[in-house]
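Worth knowing before you read on, the calculation uses all heavy atoms, side chains too, and leaves out hydrogens, waters and symmetry mates. No experiment lies behind these values; they were computed from the predicted model shown. Each residue takes its place number in the sequence, starting with 1.
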Amino acid sequence: MNTRPQITLEYGTHRQQDVVLIRFEYNRPINERLKELFGARWSHSHGCWLIDIDDFQLGLFFEGFKDLAYINYSALKIKTKPKVPEKVSRDYSHRSTTELPKGYFELLKQKRYSENTVKTYSAYFKDFMHYFSERDLTELSVEEINAYLLELINKWNITTSEQNQRINAIKFFYEKVLLKEKHIYNIERPRKEKILPDVLSKEEIGAMLEVTNNLKHKTIIGTLYSCGLRRSELIKLKIKDIDSKRMLVHIKGAKGKKDRYVQLAESLLILLREYYKMYRPNEWLIPGQTGGQYSPTSVLNIVKSAAKKAGITKRVTPHMLRHSFATHHLEQGTDLRYIQVWLGHESSKTTERYTHVSQKNFIKFKNPMDDIL
């Protein structure tokens, strides 16, 4: 008869995030190893430990616990997962049957718009066509188009970002496809919000790193902050983009299809080497469970979880680490022009949100990450 402790694994959801639930009778060595190797966290609602599905690998789990317990993973063979109630949303079924005007899609591709922009413009313009399905689009007035946008704002409370994207999708048709004059279709745009970025202190970021036991999660937080990255830039990073000889990180195909280099901190390099020895990623620096790109939602949850464990009460997002990177550089005297380049900002006005323009010019800079690790 098997008297060893038994660990039962099964799928579940926690705060609308897919997870693997880990159930067993209280066992301190198993508890400690779960936290050490996988950064597992306790869920009071489920009454068990859990791991984000993107961070779970059955083979590694077996290796980590085969000496401590018998592992029952039969439930993982059933691929069904609890369903999250669907939110009430707009009906977009017409998009699958609506054909774009001749030349619209082709011109987007010819002008080398990003895949996301092509998808967004195509979808939004199909909505526009569906709304005016009984009309000749070439005969619409600016007032009618503005009325359409106003209805979207009043009925669906679309964001200023979505409003701008819908305007751009419409203007692309009239100005690029039909080659109409720009001033004829001068659609009113929303007033741009001027919101100062929220930032964390060095001590708060240090606390987030300190309470993060999972090495992969710590690497995600450290890389976001030390390199001033957007979340999308982090998940696109490949191992070959880390240049340890020149102490640079190559950010490729970032916002606006622009490449740039950022500084590789000594402390981050040490963390990356430790991470590489444990996880041995093949292509992507931070791969997902199946070897592809890591989940953006998982990155968000990792940052939020670390902030909560560190006792930070404000709402923390991955982008806040990028804001903090810029602010900390300015506070230690780095010239704003360098920060602008590192962040990949087109205009210095965007970077000026962080503080007044500094007139100092330094040849060599110290990465604020080196004060933390």
Next item on the list: Rounded to the nearest 0.5 Å, what's the gap from CG on Asn154 to CG on Leu149? Could you check?
Entry: 11.0 Å
Notebook entry, point to check: Hey, are Ser114 and Asn116 close enough side-chain-wise for a donor-acceptor pair under 3.5 Å?
Noted result: no
Checklist line | Candidate pair Ile158 and Leu152, rule side-chain contact (heavy atoms from CB on, under 4.5 Å), full reasoning | finding: CA-CA 6 Å; Ile158 62 173; Leu152 290 175; 3.8 Å; yes
Note to self: Strictly distance-based, threshold 3.5 Å: is any side-chain N or O of Lys216 a donor or acceptor partner for the main-chain N or O of Pro287?
What the structure shows: yes
Notebook entry, point to check: Going through the checks in order, is the side-chain contact (heavy atoms from CB on, under 4.5 Å) test met by His94 and Tyr131?
Noted result: CA-CA 10 Å; His94 57 270; Tyr131 185 88; over 6 Å; no
Margin query: Does any part of the side chain of Ile145, heavy atoms only, come nearer than 4.5 Å to the side chain of Tyr174, both counted from C-beta?
Written below: yes
Notebook entry, point to check: Of the non-hydrogen atoms in Met369 and Gly222, which two are nearest, and what is the gap between them?
Noted result: CE-CA, 3.7 Å
Check: When you look at Trp156 and Arg90, which way does the side-chain contact (heavy atoms from CB on, under 4.5 Å) test go after all the steps?
Finding: CA-CA 8 Å; Trp156 298 108; Arg90 288 171 272 180; 3.1 Å; yes
Note to self: Looking at Tyr70, I'd like to know if the NZ or CZ of Arg4 sits under 6.0 Å from its six-membered ring centre while staying within 45 degrees of the ring's axis.
What the structure shows: no
Next item on the list: Mind checking the OG-CD1 spacing from Ser43 to Ile22? Nearest 0.5 Å is all I need.
Entry: 11.0 Å
Next item on the list: Find the distance between OG1 (Thr223) and CD1 (Ile286) and round it off to the nearest 0.5 Å.
Entry: 5.5 Å
Checklist line | Point-to-point distance, once rounded to the nearest 0.5 Å, from SG of Cys48 to CH2 of Trp42 | finding: 6.5 Å
Item checked: Atom pair CG (Asn367) and CD (Gln332), whose distance is rounded to the nearest 0.5 Å -> 7.5 Å
Checklist line | Full working for side-chain hydrogen bond (donor to acceptor under 3.5 Å, both in side chains) between Thr117 and Thr120 | finding: CA-CA 5 Å; Thr117 302; Thr120 301; over 6 Å; no
Margin query: Is there a side-chain contact between Val303 and Thr317 in this structure, where contact means two heavy atoms from C-beta onward sitting under 4.5 Å apart?
Written below: no
Check: Does Phe173 have any ring pair (Phe, Tyr, Trp, His ring centres under 6.0 Å) partners at least two apart in sequence or in another chain, and if so, which?
Finding: Phe125
Notebook entry, point to check: Do Tyr121 and Asn168 touch side chain to side chain, with heavy atoms closer than 4.5 Å?
Noted result: yes
Margin query: Under a 3.5 Å distance rule, please check whether Asp370 uses its side chain to pair with a backbone N or O of Ser267 as donor and acceptor.
Written below: yes
Notebook entry, point to check: Is Phe132 linked to Leu178 within one hydrophobic cluster, defined over Ile, Leu, Val, Met, Phe, Trp and Tyr using a side-chain heavy-atom separation of less than 4.5 Å?
Noted result: yes
Margin query: Tell me whether Ser201 contacts the main-chain N or O of Glu204 through its side chain, where contact means a donor paired with an acceptor under 3.5 Å.
Written below: yes
Note to self: I want to check something: taking the side chain as every heavy atom from C-beta on, are Pro101 and Val177 in contact at a cut-off of under 4.5 Å?
What the structure shows: no
Notebook entry, point to check: Which pair of non-hydrogen atoms, one from Lys126 and one from Arg95, has the smallest distance, and what is that distance?
Noted result: NZ-O, 3.1 Å
Next item on the list: Run the salt-bridge test on Arg166 and Asp127 with the 4.0 Å N-O cut-off and return the result as yes or no.
Entry: yes
Checklist line | Residues forming a side-chain hydrogen bond (donor to acceptor under 3.5 Å, both in side chains) with Asp67, sequence neighbours excluded | finding: Arg33
Checklist line | Derivation and outcome, salt bridge (charged side-chain N to carboxylate O under 4.0 Å, His left out), residues Lys109 and Glu115 | finding: CA-CA 9 Å; Lys109 300 294 285 186; Glu115 288 298 323; 2.7 Å; yes
Check: Under the 3.5 angstrom rule, does the side chain of Glu139 hit a backbone N or O of Asp136 as a donor-acceptor pair?
Finding: no
Next item on the list: Please work out whether the ring planes of Tyr338 and Trp342 are parallel, tilted or perpendicular, with thresholds of 30° and 60°.
Entry: tilted
Note to self: Less than 3.5 Å apart, any donor N or O on the side chain of Asn31 or Trp49 sitting next to an acceptor on the other?
What the structure shows: yes
Notebook entry, point to check: Which atoms form the tightest heavy-atom contact between Leu264 and Leu248, and what is the distance?
Noted result: CB-N, 3.7 Å
Next item on the list: Assess Arg246 against Tyr261: is NZ or CZ under 6.0 Å from the centre of the six-membered ring, and within 45 degrees of the ring's axis?
Entry: yes
Margin query: Tell me whether Arg273 forms a cation-pi arrangement with Tyr276, defined as NZ or CZ under 6.0 Å from the six-membered ring centre and within 45 degrees of its axis.
Written below: no
Next item on the list: Dump the intermediate steps for side-chain hydrogen bond (donor to acceptor under 3.5 Å, both in side chains) on Gln289 and Tyr294, then the final yes or no.
Entry: CA-CA 8 Å; Gln289 184 187 8; Tyr294 203 70; over 6 Å; no
Item checked: Cys227 side chain reached by Gln263 side chain, heavy atoms, under 4.5 Å -> no
Item checked: Heavy-atom closest pair, residues Ser122 and Leu108 -> OG-CD1, 4.0 Å
Checklist line | Contact check, side chains of Lys218 and Ile302, non-hydrogen atoms, under 4.5 Å | finding: no
Check: Checking Glu144 side chain against Ser141 main chain: does a donor-acceptor pair fall under 3.5 Å?
Finding: yes
Checklist line | Reported CG-to-NZ distance for the pair Asp371 and Lys202, which is rounded to 0.5 angstrom | finding: 4.0 Å
Notebook entry, point to check: Quick one: ring-ring contact (aromatic ring centres under 6.0 Å, His included) pairs with a partner in residues 203-238, sequence neighbours left out?
Noted result: Tyr225-His328
Margin query: For Thr212 and Ile221: C-alpha separation, side-chain torsions, deciding distance, then whether side-chain contact (heavy atoms from CB on, under 4.5 Å) applies.
Written below: CA-CA 9 Å; Thr212 304; Ile221 295 170; 3.7 Å; yes
Next item on the list: Step by step, work out the side-chain hydrogen bond (donor to acceptor under 3.5 Å, both in side chains) result for Ser161 and Thr159.
Entry: CA-CA 5 Å; Ser161 175; Thr159 63; 4.8 Å; no
Margin query: Please check this pair: side chain of Gln163 against backbone of Thr160, looking for a donor-acceptor N/O pair closer than 3.5 Å.
Written below: no
Check: Any chance NZ of Lys314 has more than 12 other-residue heavy atoms, nucleotides or ligands included, within less than 6.0 Å?
Finding: yes
Notebook entry, point to check: Is there a donor-acceptor pair closer than 3.5 Å between any side-chain N or O of Arg260 and the backbone N or O of Ile251?
Noted result: no
Next item on the list: Could you give me the CA-CA distance, side-chain angles and deciding distance for Lys238 and Glu283, then say whether salt bridge (charged side-chain N to carboxylate O under 4.0 Å, His left out) is met?
Entry: CA-CA 6 Å; Lys238 296 184 177 181; Glu283 179 183 10; 3.2 Å; yes
Margin query: Keeping Ser324 on the side-chain end and Leu200 on the backbone end, is there a donor-acceptor pair under 3.5 Å?
Written below: yes
Next item on the list: Would you check if the distance from the ring center of Phe62 to the ring center of Tyr73 is below 6.0 Å?
Entry: yes
Item checked: Short side-chain to backbone donor-acceptor contact, Thr334 and Leu330, under 3.5 Å -> no
Next item on the list: Work out which heavy atom in Phe128 is nearest to a heavy atom in Leu140; give both atom names and the distance.
Entry: CZ-CD1, 3.6 Å
Next item on the list: Considering non-hydrogen atoms only, spot the tightest contact between Tyr148 and Ile170 and give its length.
Entry: CE2-CD1, 4.2 Å
Notebook entry, point to check: Got a donor-acceptor contact below 3.5 angstrom from the Lys35 side chain to the Ala40 backbone?
Noted result: no
Check: Is any side-chain heavy atom of Glu210 closer than 4.5 Å to a side-chain heavy atom of Met208?
Finding: no
Note to self: Is it true that, when you exclude Lys308 itself, more than 12 heavy atoms of the residues, nucleotides or ligands shown sit nearer than 6.0 Å to its NZ?
What the structure shows: no
Notebook entry, point to check: Do the side chains of Phe61 and Leu34 get nearer than 4.5 Å, heavy atoms only?
Noted result: yes
